[in-house]
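So you know, we letter chains A, B, ... as the sequences are listed, proteins then strands, and number each from 1.
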Amino acid sequence: MSSSAKDRMLKRAAADIKAGMTVNLGIGLPTQVLKHVPENLPVCLHSENGIAGVGPVLANEKADRNLIDAGGAYVSPVPGTSYFDSALSFAIVRSGRLDLTLLGAFEVAGNGDLANWMIPGKFTPGAGGAIELAQKARRVGVITTHTDKKGNPKILSACTLPLTARTCVDRIYTDMAVCDVTADGLCLTEIAEGVSVDDVIAATGARLIIPDQPLPTF
Amino acid sequence: MSSSAKDRMLKRAAADIKAGMTVNLGIGLPTQVLKHVPENLPVCLHSENGIAGVGPVLANEKADRNLIDAGGAYVSPVPGTSYFDSALSFAIVRSGRLDLTLLGAFEVAGNGDLANWMIPGKFTPGAGGAIELAQKARRVGVITTHTDKKGNPKILSACTLPLTARTCVDRIYTDMAVCDVTADGLCLTEIAEGVSVDDVIAATGARLIIPDQPLPTF
Amino acid sequence: MPMPDKSRSIEEAIAQIPDGSSIMLGGFGVPGTPFCLIQELVRQGQGGLTLIKNDANETGMGVDWLLENGQVAKLITSHIGLNSNAVSMMNAGEIEVEFAPQGILAERIRVAGAGVMGFVTDIGLGTPMAEGKQKVTIDGKEGIVETALRADFALLHADRSDPFGNLCFSATARNFNPLMGMAATRTIAEAEAIVPLGGITPDDVNLPGPFVDDVVALPELMEVYGVVER
Amino acid sequence: MPMPDKSRSIEEAIAQIPDGSSIMLGGFGVPGTPFCLIQELVRQGQGGLTLIKNDANETGMGVDWLLENGQVAKLITSHIGLNSNAVSMMNAGEIEVEFAPQGILAERIRVAGAGVMGFVTDIGLGTPMAEGKQKVTIDGKEGIVETALRADFALLHADRSDPFGNLCFSATARNFNPLMGMAATRTIAEAEAIVPLGGITPDDVNLPGPFVDDVVALPELMEVYGVVER
């Protein structure tokens with residue numbers, strides 16, 4: 001993935017963060033979406049270790065030793081931040097108060113199944129907060145390269161890895177496309193500049209619904 | 001009940017409040033126990049509307065409009081008081097952190113069954129916090145006149161009113177006696193000065209175990 | 001990115017409530033009861049309401065205004081002994097009243113706010129309260145399944161709020177307020193003071209803003225908020 | 001009546017823990033981890049412990065000291081990815097590890113602290129996590145019965161305490177600390193500062209004193225409490 005393709009993907013995902021939302025950004029690509037969110041957009045960032053109102057990451061010498069996000073980064077408060085315990089933090093997630101989460105993925109299926117926490121025999125650290133974020137955020141976006149490092153599709157007809165949650169994903173943002181999980185199946189919704197529909201189909205392991213009208217680009 | 005008999009009963013109940021305890025006192029007679037607790041005894045008073053560390057009742061002109069106990073009295077904080085929500089307040093009760101509650105009774109049975117919240121057709125205001133206090137305090141004491149205003153026993157072989165909780169009472173303090181609920185049955189443990197064992201038996205509607213040795217008086 | 005602003009007028013906030021709604025009301029006695037929000041609900045007159053509140057206040061205040069005005073179909077509560085009007089209406093069949101032990105009511109609301117479906121407890125086992133309720137066995141012990149209690153709206157009274165809806169409560173005015181704020185689809189809070197964003201220490205927030213939808217600033221407090229003269 | 005004083009020496013507090021105990025440890029990463037209490041537990045050497053903690057800290061700190069010292073039989077946790085030593089011991093069968101989703105772990109502890117037997121949730125339905133767990137149906141929807149998770153002891157790290165054990169936590173050092181303090185038979189808290197009774201505003205207490213049994217004052221903080229240099 002070129003850095004410009006990555007930036008386009010992040011920027012496209014950022015555009016779905018709307019005024020007034022409470023949003024949780026997963027570790028890795030999702031957190032990098034932040035640099036594309038307008039500075040004046042009123043949004044509350046949630047971190048599952050107990051923050052509503054996550055502010056910018058600080059250098060170690062400026063860090064508060066007691067203030068990290070769920071990924072371990074030393075973050076800062078903003079005016080209006082609150083701190084709370086882990087039960088209350090997941091109460092926000094499960095009770096429908098988390099408007100959007102953006103997550104990474106090992107695999108995502110055409111029906112919205114997500115696998116992003118375990119590779120049996122290789123990577124079994126435990127799920128942390130991933131399961132509840134995926135199952136309970138009002139809207140779940142996945143940000144991922146369209147294919148893995150070997151060029152194999154990460155969007156599949158069915159996940160092969162243990163699932164994080166079933167049919168939880170609403171939208172997939174990749175370096176090649178935006179795909180929506182719909183009642184009819186996985187739908188190609190937008191396409192990256194310079195990428196053809198055939199390129200996307202070839203790089204996708206799930207059946208894709210291709211609309212008749214021309215696709216918007218990003 | 002003479003005022004001296006009442007005072008003796010309250011004083012006797014007060015003597016079972018020990019240093020270090022967290023204690024909830026029901027409305028009415030139980031709250032009046034307080035005047036017999038030594039001023040320097042380290043105790044935490046709990047009120048189920050969200051206080052640990054209930055201080056003295058204040059006159060209206062000194063009252064904080066936001067600080068009442070569960071009985072609606074305007075109370076005060078002490079050094080070390082904390083306030084909390086109703087779920088946490090009953091977490092204290094149910095999780096075993098409430099060492100003792102003293103409650104009133106309409107009827108109490110020899111096996112420790114308690115009825116203190118409802119008289120069908122006459123008094124049906126809802127149970128409030130009574131059920132959980134009775135069922136979950138580590139130790140439950142009942143403070144009551146030995147008989148009702150008509151002279152009928154309030155300690156019965158079985159309650160006739162709807163129960164607050166089954167087999168929850170550990171000790172009964174009356175103007176005539178102290179009785180303990182034991183595995184063998186209800187046991188007469190102490191007797192008020194000037195009252196005979198036969199008086200107590202006559203005023204009690206449940207079978208009483210009478211120890212062989214002389215009874216302590218209070 | 002600034003935190004969202006949720007300030008509303010009281011008319012606008014209460015106008016969101018349709019007839020037939022379920023509404024949680026904070027408060028244990030006077031402290032924490034959102035009298036101004038209730039007063040506006042009386043003025044707007046929505047009917048067929050299911051109210052969820054620890055108690056029915058006293059005659060002539062709060063919940064009683066809604067009862068008097070005929071807006072209440074059902075009341076879910078732990079104790080109504082201080083409102084003889086509520087008791088009479090219950091006995092006359094003019095309102096339906098559902099009782100729960102106080103801590104069970106609080107926990108049913110708490111687990112709704114936690115986004116879970118119910119909890120298992122031994123409170124009430126062996127008494128009429130357990131009748132008709134689902135039972136399960138955990139580690140060989142029987143328990144009652146108590147269901148989560150959600151509502152369409154929660155009306156709260158806070159001591160302070162910021163525009164994002166971070167709430168602080170004063171003393172025993174906290175009671176059911178933060179629990180109900182978590183358990184409703186839409187949460188409306190009246191606050192005695194609205195402080196600027198950053199005016200509340202993040203560690204001292206009693207109910208975090210993500211649970212709150214509308215913040216209404218109170219004018220000078222009505223007498224009903226004061227010490228009750230008996 | 002003054003509030004009871006629960007101040008103890010660290011040796012005395014930790015000496016209450018017998019071999020084979022279940023112990024909850026506060027903390028999410030470094031913040032809120034009771035490193036001094038853990039260090040004393042290593043010094044005293046109690047074995048066969050079941051630990052309950054969100055994570056296993058990182059290699060060379062906190063939980064890892066107990067793992068290295070062979071004191072741990074079982075770990076109940078949500079994520080151990082930052083401690084390769086814990087992963088290796090798990091894979092080698094040297095410790096048993098039981099995983100729970102983070103919010104389910106938190107809620108199992110919360111409901112234990114609330115004195116109820118379990119809760120019902122749809123989290124994990126249709127995944128291997130649901131296998132072997134009791135199911136119930138509420139309002140036509142299937143849910144998993146998750147059981148309350150209690151422990152013999154909880155070791156907490158607080159920013160401030162008074163002698164009665166009213167605790168305040170700083171920022172994200174709160175995490176599992178107040179929940180665990182409610183769910184243990186005996187709760188031991190280390191505090192960076194012990195303030196006199198009355199030194200904490202009653203509205204700002206994060207864990208009320210009735211849940212806390214022993215309060216240990218910390219000396220100057222060890223380096224491990226500081227910012228982690230990566």
Atom group of [X] that falls short of 4.5 Å from chain D, counting heavy atoms:
{"X": "A:S89", "answer": "neither"}
{"X": "A:F90", "answer": "side chain"}
{"X": "A:E48", "answer": "both"}
{"X": "A:I68", "answer": "both"}
{"X": "A:Q135", "answer": "side chain"}
{"X": "A:A130", "answer": "neither"}

Electrostatic pair D:D122-D:K141, nearest N-O below 4.0 angstrom: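 Answer for the salt bridge query: no.
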Quick check on [X] against chain A: is it the side chain, the backbone, both or neither that has a heavy atom closer than 4.5 Å?
{"X": "D:L207", "answer": "neither"}
{"X": "D:P101", "answer": "both"}
{"X": "D:L179", "answer": "side chain"}
{"X": "D:V228", "answer": "both"}
{"X": "D:L82", "answer": "neither"}

Any side-chain donor paired with an acceptor under 3.5 Å for [X] and [Y]?
{"X": "D:N83", "Y": "D:D64", "answer": "yes"}
{"X": "D:T59", "Y": "D:N85", "answer": "no"}
{"X": "A:S86", "Y": "D:N175", "answer": "no"}
{"X": "A:H146", "Y": "A:D175", "answer": "no"}
{"X": "D:S78", "Y": "D:N54", "answer": "yes"}
{"X": "A:T160", "Y": "A:E107", "answer": "yes"}

Is any side-chain heavy atom of A:R171 closer than 4.5 Å to a side-chain heavy atom of A:T189?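 Answer yes - side chains close enough.
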[options]: which one forms the most heavy-atom pairs within less than 4.5 Å of chain A?
{"options": "D:M90, D:R174, D:E107", "value": "D:R174"}
{"options": "D:P31, D:A106, D:A171", "value": "D:A171"}
{"options": "D:G126, D:A56, D:G29", "value": "D:G126"}

Is the number of heavy atoms from other residues, nucleotides or ligands within 6.0 Å of NZ (A:K35) greater than 12?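 Atom NZ in A:K35 is crowded, with more than 12 foreign heavy atoms closer than 6.0 Å.
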So among D:F169, D:Y225, D:F176, which one has a ring-ring contact (aromatic ring centres under 6.0 Å, His included) with D:H157? D:Y225
Counting heavy-atom pairs closer than 4.5 Å to chain D, which one of A:L133, A:I131, A:N49 comes out on top? A:N49
In terms of heavy-atom pairs under 4.5 Å, which option from A:G50, A:P77, A:A70 contacts chain D the most?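 Going by pairs under 4.5 Å, I would pick A:A70.
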